[in-house]
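Just so we're clear, the structure is a prediction, and the values are computed from it rather than from any experiment. One is the number of the first residue; the rest follow in order along the sequence.
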Amino acid sequence: MKQTFRLGTFRGIPVGMHWSVLVIMFLIAEILARSVLPAADPGASPGARWTAAVLAAVLFMGSLAAHEFAHALVARRHGVPVGSITLWALGGLAELDGEPATARADLQIAGVGPLASAAAGAVFAGAWIAGDALGAPVVVAASLSWLAATNILIAVFNLLPGAPLDGGRILRALLWGRRGDRASATRSAQRAGMVLGQTMIGAGLLVLLLWSWFNGLWLAAIGWFISSSARAEARWTDMREAAKNLRVADIMTPDPDHGWAWQPASAFVQDVAARSRQTVFPVVSVSGDPVGAVTVDRLARVPKQETGVTLGDLSVPLGSDRIVGPEQPVDALLQLAPVAGGLVAAVAADHHLLGIVTTDDLQRMMRQTRLRRGSPAPI
């Protein structure tokens, strides 16, 4: 989830939200203003209902942020860097730039999130009881009771044992502590997440057909998110395991076809690209350093009569993080998205292009690792 809106920083952690937060806040306010609050106080004015509903939606997102802040602060206490916190439609995400060193730290980082939601639920419940005793407006009391119940429900839901939920992280930590093998524990939690998500999808479809289309669709959507996230995490885990102890030189495509930044595109197409099996070509400078990349599709869009266009004009620039040495660990490349046509990085040393690393190279690394270990691919 990419941040659409940057909200600021909290203790040095960038905080933002995805545009879907606005959609879910509107839906929450709509449900409260048109269903929950009118049922609690039919005599309340529309203005009072909508004001209370909007404030409740804002407080709800604040409680989700507190959940993620709890994860982030405990993670930093255990030496795990936190890249950002992002709120989105189905909750929030504290992006951790690393893994906890011990099962105990993993358990504490995972467990503090549901604890924070339960604490928020208790605070709202206390405010509801106090407000009711002091004669607060019914719409205020009803909003606080809804916030209390929802936060407690979130705490319970997050304890379900399957990745990517906090309960899946707790399960991983417990299995890690018992087995002494983090990778095995991680795979078990991810498989549990796939089963949990598929079960929720089935239950959601059943609810949709027999009772309520909205609740059933919502349950199925959450199940799909859990299942697909667990599957993606399983692939990511396999990728990291496959890359362990490998150098870039071990997986790169050596001596790739390439062009020069000053070279006319038409000549490069005729002499190199039309005969090559590559779909992307690194572009090097006069000094021999890779400076960009150009794809076959980009070259094909240049009219043949445009003789003055050079590869430098067409190429996508390569940043310094995309130029790697042959001895660099492969895992440093795993979080990099392809820059052009599947190209992840160019490999160079001493002003000389040695190879390229593409998504195909990473997939081949995965397949070869599975062959050596005799393990099936994730479903």
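Side chains of V294 and V316 form no contact here, defined as non-hydrogen atoms less than 4.5 Å apart. The shortest distance between side-chain heavy atoms of T310 and P264 does not fall below 4.5 Å.
A donor-acceptor contact closer than 3.5 angstrom is absent between the side chains of N151 and S117. Using modelled atom types and a 3.5 Å distance limit, the side chains of R179 and S188 yield a donor-acceptor pair. A donor-acceptor pair shorter than 3.5 Å can be found between the side chains of T237 and Q190.
The distance from atom CG of L314 to atom CG of L299, rounded to the nearest 0.5 Å, is 6.0 Å. To the nearest 0.5 Å, atoms OG1 (T279) and CG (D360) are separated by 7.0 Å. Taking CD1 from I13 and OG from S84, the interatomic distance works out to 9.0 Å, rounded to the nearest 0.5 Å. The line from CZ of R104 to NE2 of H78 is 8.0 Å long, rounded to the nearest 0.5 Å.
Salt-bridge formation is not detected for the pair R240/E233: no Lys NZ or Arg NE/NH1/NH2 atom is positioned less than 4.0 Å from an Asp or Glu carboxylate oxygen.
Side-chain atoms of E241 do not come within 3.5 Å of backbone N or O of D238 as any donor-acceptor pair. A donor-acceptor distance shorter than 3.5 angstrom exists from the side chain of S276 to the backbone of Q278, with no hydrogens or angles considered. Panel note: side chain R169, backbone L107; no donor-acceptor pair is recorded below 3.5 Å. For D41 (side chain) and G43 (main-chain N/O), a donor-acceptor pair under 3.5 Å exists by modelled atom type. Between the R182 side chain and the P100 main chain, a donor and an acceptor come within less than 3.5 Å of each other.
Annotation for Q270: atom CD does not count as buried by contact number, only 12 or fewer foreign heavy atoms lying within 6.0 Å.
In this pair, H71 and H67 present their aromatic rings perpendicular. The plane angle is above 60°, beyond the 30 to 60° band.
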